[in-house]
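Heads up: the structure comes next, in structure tokens.
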Amino acid sequence: MRRQSKIPIGVLTAILMVLAAGACIIFLFPSGSKSVVEDFYEYESEAEFGKSWDLLSSEMKQRFPNRADYVQNRSHVFLQHMDVETFQYDVSLFLRK
């Protein structure tokens, strides 16, 4: 008998996409990456998903071409589906020294 995962695939995908977006920002903007990543996650934590979409790389925007869809999906996943009330991140985990 197959066990069902407690984390829905959509939620896991959304989390992975946030991490991928952060990684893309870091590697595409190495000189100012820390401030861009901090801005991105600050916008995400404040549910300002349109502003965080603006910071996505062109490669990530190919994956999420429609700003309105990105905002709606992020809102649905984080605010409604996962019922997120707090958001924490540590940029130093991603940055090269």
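Since we're looking at a predicted model, the values are computed, not measured.
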Exercise. M17 and F64: side chain to side chain contact (heavy atoms under 4.5 Å, CB included), yes or no, with the steps?
Worked result: CA-CA 10 Å; M17 293 312 297; F64 302 104; 3.4 Å; yes
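- Shown here for L56 and Y70, the closest heavy-atom pair between the two residues is CD1-CE1, 4.0 Å.
- Partners of D54 according to the side chain to side chain contact (heavy atoms under 4.5 Å, CB included) rule, which considers only residues two or more places apart in sequence or in another chain, are R67.
- Distance check: S45 OG to E38 CD gives 11.5 Å after rounding to the nearest 0.5 Å.
- Distance check: W53 CH2 to K61 NZ gives 4.0 Å after rounding to the nearest 0.5 Å.
- L55 has its side chain out of reach of K51: every pair of non-hydrogen atoms, C-beta onward, lies at least 4.5 Å apart.
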